Amino acid sequence: MQALRAALLRFADDGTPLYERDGLVVFGPDAEGRQVVRAVGAWSQLADRVAGLAVRHLPGRLIAPGFIDLHIHYPQTDVIGSPAEGLLPWLENYTFPHESRFDDPAYASEIAAVFLDELLRNGVTTALTFCTSHPQSVDAFMGAAQRRRMRMIGGKVLQDRHSPDGVRDETEQSLRDTEALIGRWHGTARLGYAITPRFAPSCTEAQLRGAGELAAQYPDVWIQSHVAENRDEVRWARELFPQARSYLDVYRGFGLLRERAVYAHCNHFDDEDRALMRDTGAAAAVSPTSNLFLGSGFFDFEGAQRVGFQHGLASDVGGGTSFNPFHTMLAAYYAGREGQTKPGVSLTPSRLWWLHTAGAARALGLEGVVGNLQPGCEADCVVIDLQAAPLLGRRVAQARSLEELLFALIVLGDDRATEQVWVDGHAAT
Ligand code: GUN
Ligand code: ZN
């Protein structure tokens with residue numbers, strides 16, 4: 001058992017933030033031996049129950065759920081900050097050449113380690129990540145995540161056309177590899193598998209059909225892809241699949257929209273697309289730093305809320321510019337203000353935070369498992385030092401409400417503020 005005492009943030013089922021100025025969380029094994037939250041709440045209410053336990057008292061700190069990154073590419077860790085006119089030249093000039101290096105298992109293992117340590121340094125304990133088209137890139141990633149006891153989801157990229165030598169795969173083999181990787185990794189330790197068509201333009205109809213068949217055969221496996229990110233990409237997808245009503249509708253036609261399907265970006269949608277997301281239970285991984293960096297467009301938060309489909313926040317590194325959840329939340333706030341709807345929406349700090357924790361867990365079908373600190377949730381959390389930087393400390397000291405405190409962190413916080421990360425009931429950093 002581990003007991004941590006400090007200010008504490010968690011969320012009610014409806015997304016309302018619950019805050020204890022002096023709180024306590026106790027981690028320990030459940031009946032199956034999983035490390036979970038055994039007790040949580042106000043210190044004054046729980047102090048008697050932990051008599052005899054060594055309580056770590058952390059004044060000036062905020063305990064919060066480990067962050068969830070809904071869309072990221074581990075092989076693009078070293079691609080961050082590669083400038084390009086837009087998405088398609090960025091893929092061609094930087095990303096595909098770099099990803100071709102992951103046929104080397106030693107290189108894949110090296111980068112998987114750097115990537116996972118960087119996530120932890122930034123307080124991210126769960127991510128839905130692309131690997132590359134090389135099956136060995138998945139083995140390297142999953143092995144490294146398992147050693148760190150992290151709840152990670154990943155998959156081998158499918159891309160059997162419009163892709164250069166070195167990353168292009170072969171239709172039948174790619175589907176056999178996917179099924180073998182599902183067998184090897186899905187449900188092993190805390191790991192999950194995601195069927196990963198890169199995006200419709202990089203996949204033949206046969207590959208998309210095969211991916212959809214696997215998605216039907218393995219309903220609790222995730223699906224991840226990209227959609228409606230950039231206007232040139234949307235035009236290209238429409239040319240390649242003229243029979244579909246929209247780019248998103250291509251995926252529906254192949255059985256790739258369902259619960260546990262997470263689509264990155266979803267910028268250039270109309271209301272029919274939004275309704276299709278809602279009705280199929282698919283979710284959007286909103287990637288604001290990537291959208292701003294690559295000039296892709298804006299996610300319409302108002303449209304998503306009005307029509308009512310699931311969405312959460314993502315870094316999309318290496319199109320995105322930061323592993324840091326504070327930076328992603330701030331970019332989401334900017335994007336909301338400037339988005340497609342005028343005058344835009346002003347997302348509250350607690351809503352931004354929810355979209356990167358409990359809301360992201362809901363989008364993954366992992367509500368009550370990760371992304372929150374309610375009883376029974378898995379024992380992943382961050383300990384945030386509210387005085388980690390001079391300006392942050394000053395602003396936090398003047399915060400008059402939880403919303404002001406969270407906004408101070410979103411605007412002024414960075415990786416210095418993530419003092420400690422707990423993964424699976426153990427101190428990981
Ligand atoms: N669309 C297809 N591949 C990619 C990728 O690697 N990054 C982004 N942002 N969009 C994509
Ligand atoms: Zn991406």
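All values reported here derive from a predicted model rather than from experimental measurement. When a ligand or atom number is given, it counts from 1 through the structure's own listing order.
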Below 30° counts as parallel, above 60° as perpendicular, anything between as tilted: where do the rings of W422 and F27 land?
tilted
Between D169 and the options R161, Q159, R198, Q207, the side chain to side chain donor-acceptor pair (under 3.5 Å) test singles out Q207
Kindly determine whether D139 and R184 satisfy salt bridge (charged side-chain N to carboxylate O under 4.0 Å, His left out), including the steps that lead there.
CA-CA 9 Å; D139 293 329; R184 194 173 315 150; 2.8 Å; yes
Whether H71 and F130 hold their rings parallel, tilted or perpendicular, with breakpoints at 30° and 60°
perpendicular
According to the interplanar angle, ranging from 0 to 90°, do the rings of F299 and F309 count as parallel (below 30°), tilted (30 to 60°) or perpendicular (above 60°)?
perpendicular
Checked the Zn ion (ligand 2): protein N, O or S atoms closer than 2.8 Å come out as H71 NE2, H73 NE2, H226 NE2, D316 OD1
So that I can tick it off, tell me whether R362 and D13 are bridged by a salt bridge, with the cut-off set at under 4.0 angstrom between side-chain N and carboxylate O.
no
Distance only, no hydrogens: is a donor on one side chain within 3.5 Å (strictly under) of an acceptor on the other, for D316 and Q76?
no
Determine, for Y107 and R101, whether the Lys NZ or Arg CZ falls below 6.0 Å from the six-membered ring centre while staying within 45 degrees of the axis.
yes
Given D380, which partner from the list R190, R151, R34 fulfils the salt bridge (Lys or Arg N to Asp or Glu O under 4.0 Å) test?
R190
Ligand 1: protein residues within heavy-atom distance under 4.0 Å:
H73, Q76, L87, W90, L91, R198, F199, H226, E229, H265, D316
